[in-house]
Undergrad: 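Dropping a structure here in structure tokens format, bear with me for questions.
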Amino acid sequence: MMDRDRRLKDLLATCQLETQAIRTGSERTAEREHSDPLFLTSSFVFPDAQTMADAFINDNGLSIYARVDNPTVDTFCRRLAALEGAEACEATASGMGAILATLMAHCAAGDRVVMSTGVFGATLTLLKKFFVKYGIELELVPTTDLDAWRAALSKPTKLAYCETPSNPTIEVVDLAAVSDLCRAQGTLFVVDNCFMTPVLQKPLALGADLVIHSATKHLDGQGRVLGGAVLGSKALIEPVTAFIRSAGVTMSAFNAWVFLKGLETLELRMKAHSEKALQLAQWLQSQPAVSKVNYAGLPTHPQAELIARQSTGGGGVLSFTLKKATKEAAWAFLDGTCLMSLTANLGDVRTTVCHPATTTHGRLDQPDRDLMGVSDHLIRIAVGLEAVEDLIADCQRGFTALG
Ligand SMILES: Cc1ncc(COP(=O)(O)O)c(C=O)c1O
């Protein structure tokens, strides 16, 4: 490492988030490259048998095999860890891979998990259909109800899990309050920070133990590749790493390289998503066909005071309900639009629109959808970076199609 790079490494720890998002974690090779290199190789070679044995048995820091480690993935982990203020980070093949690895690493048969109702559909399915089958007890609590969290956590609980703001109803968990409840009971508190990213919200600083990301969303930011991450203390990440290495839900080097490019612009994008989403949310509030708008940046959000305390922006995702409370009306709106992409991904520069009840949450039973507030007339928009005027015109086309 050049002396200049060594000095930069120390300096970066004191720099602002946007500087860290561009430069932290890079370890220049002997080629003196400027941009982060991509190590597209499934294994690594050794100069002799002794060094190879040391790598396998004594973990001498040399890369072995891409399911176990890869320098491009390691750079992504170091950079995201700096942004989240975490001691350690492990990367996974997808966001669901990160959730799976966290639960596999930290829960065993007989343990109890408490989870908020407002989570991504596949997260609830993973717990309800699989972990419960293997002897994990699951209790769901209404996302915003602190008394319900308190009551649920009064029983011995291994792990508490939430997503905030929730997908797609944009309900918010009081992270500091639930962290206090978890700490008092010795419960691990895991937060999916995918909607806000560390630019707008830092769950570890508010007392959470582990942070989960679907890197597929804002960390990429341009809808290209799948990935996930788990962040926290070294002691809590070590078992996650052990699971990922054995199970093979590893992030690919190519995807890590794409995420590194995404992180470089994360701060700019999150601020722009927040500004544009707020403008669109305010316009939607004035529309006669709309009964309710859910957006974390709105001053009228029922938890606006809490949101201002724990986040520095509303993020890019909003949802709204139509006065015509039917699936047909929601589909007519969707089919009337044409600029926004009809797709379930979010966190892209391209605005996406979807009907959660028949897509992201479509495989859940009706009672679960009711519990989560995913009604037939709810529409989710993940606001991208197009001109707000053009997005408004597209929504207008959707409302016209409603008749
Ligand atoms: C909040 C949230 N967490 C986790 C996931 C799962 O991530 P992935 O699709 O990368 O597996 C999603 C996917 O939409 C999500 O919205």
Side-chain angles (χ1 to χ4, degrees), residues 76 80 84 90-104 115-130 143 161-173 175 190-198 200-201 203 208 210-231 244 247-252 254-256 258-259 262 270 273 277 294 296 311 314-319 341-348 350 352-364 372-374 378 380-384:
F76 165 75
L80 187 59
E84 284 287 3
E90 192 55 67
T92 52
S94 67
M96 291 314 302
I99 299 167
L100 171 73
T102 303
L103 294 169
M104 289 298 280
M115 194 168 83
S116 56
T117 50
V119 291
F120 178 54
T123 306
L124 181 61
T125 303
L126 182 67
L127 263 297
K128 264 191 106 165
K129 289 224 167 106
F130 298 99
T143 307
Y161 188 98
C162 77
E163 208 180 293
T164 184
S166 64
N167 179 12
T169 47
I170 319 296
E171 290 181 322
V172 174
V173 175
L175 291 177
V190 183
V191 179
D192 182 331
N193 201 26
C194 160
F195 270 37
M196 287 300 202
T197 82
L200 304 178
Q201 173 174 281
L210 288 167
V211 164
I212 301 268
H213 273 284
S214 165
T216 317
K217 308 295 179 311
H218 286 296
L219 304 192
D220 173 355
Q222 293 179 55
R224 297 164 292 192
V225 294
L226 288 184
V230 190
L231 299 108
I244 290 167
V249 285
T250 317
M251 178 179 283
S252 87
F254 179 77
N255 291 7
V258 173
F259 293 132
M270 289 314 295
H273 283 299
N294 309 308
S311 321
V317 185
L318 61 85
S319 62
S341 310
L342 263 188
T343 183
N345 198 24
L346 60 94
D348 194 319
R350 283 162 285 264
T352 67
V353 62
C354 76
H355 180 237
T358 51
T359 57
T360 53
H361 294 66
R363 285 179 187 274
L364 299 176
M372 295 167 121
V374 180
L378 181 78
R380 188 190 79 187
I381 297 182
V383 180

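The first residue of the sequence shown is numbered 1, and numbering continues consecutively from there. As the structure lists them, so they are numbered: ligands from 1, and atoms in each ligand from 1.
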Undergrad: Would one find an N or O of S214, backbone or side chain, under 3.5 Å from an N or O of ligand 1?
TA: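 Between S214 and ligand 1, an N or O pair is found under 3.5 Å apart.
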Undergrad: Quick one: CG on L226 to OG on S252, what's the gap to the nearest 0.5 Å?
TA: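 Taking CG in L226 and OG in S252, the distance rounds to 9.5 Å.
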Undergrad: Look only at interatomic distance and state if L346 has a nitrogen or oxygen under 3.5 Å from any nitrogen or oxygen of ligand 1.
TA: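 In fact, backbone or side chain, L346 has no N or O that close.
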Undergrad: With no hydrogens and no angle check, do the side chains of N294 and T169 hold a donor and an acceptor under 3.5 Å apart?
TA: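 No, T169 and N294 have no side-chain donor paired with an acceptor closer than 3.5 Å.
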Undergrad: Heavy-atom contacts with N167 under 4.0 Å: which atoms of ligand 1 show up? List them by number with element.
TA: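 Going through ligand 1 atom by atom, the ones under 4.0 Å from N167 are 16 (O).
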Undergrad: What atoms of ligand 1 come closer than 4.0 angstrom to any heavy atom of E163?
TA: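 So the answer, numbered in order with elements, is 1 (C).
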Undergrad: Pair D348, T343 - check side chain to side chain contact (heavy atoms under 4.5 Å, CB included), show working.
TA: CA-CA 11 Å; D348 194 319; T343 183; over 6 Å; no
Undergrad: Applying a strict 4.0 Å limit to heavy atoms, is A98 in contact with ligand 1?
TA: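 Outside the 4.0 Å threshold, so no.
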Undergrad: Tell me whether H218 contacts the main-chain N or O of C194 through its side chain, where contact means a donor paired with an acceptor under 3.5 Å.
TA: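 It does not hold such a pair.
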Undergrad: I'd like to check which ligand 1 atoms, numbered from 1 as shown, lie under 4.0 Å from a non-hydrogen atom of D192.
TA: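 Those of ligand 1 that fall under 4.0 Å from D192 are 1 (C), 2 (C), 3 (N), 4 (C).
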Undergrad: Can you name the atoms of ligand 1, numbered from 1 with element, that are less than 4.0 Å from a heavy atom of G95?
TA: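 Within the 4.0 Å cut-off of G95, ligand 1 contributes 7 (O), 8 (P), 10 (O), 11 (O).
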Undergrad: Which residue supplies the protein heavy atom nearest to atom 10 (O) of ligand 1, what is that atom called, and how far is it?
TA: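 For atom 10 (O) of ligand 1, the nearest protein heavy atom is T216 OG1, 2.6 Å.
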Undergrad: Which is closest to atom 9 (O) of ligand 1 by heavy-atom distance: K217, H213, M96?
TA: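 When every heavy atom of K217, H213, M96 is considered, K217 comes closest to atom 9 (O) of ligand 1.
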Undergrad: Within the distance-only criterion (no hydrogens, no angle test), does the side chain of S166 pair as donor or acceptor with the backbone N or O of E171 below 3.5 angstrom?
TA: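 Yes, because the side chain of S166 sits within donor-acceptor range (under 3.5 Å) of the backbone of E171.
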Undergrad: From L364 CG over to M372 CE, what is the distance, rounded to the nearest 0.5 angstrom?
TA: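 With rounding to 0.5 Å, CG (L364) is 5.5 Å from CE (M372).
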Undergrad: Using a 4.0 Å cutoff against the non-hydrogen atoms of G227, which atoms of ligand 1 qualify?
TA: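 That gives atoms 10 (O) of ligand 1.
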Undergrad: Is any side-chain heavy atom of N167 closer than 4.5 Å to a side-chain heavy atom of R380?
TA: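 The answer is yes; the side chains approach within 4.5 Å.
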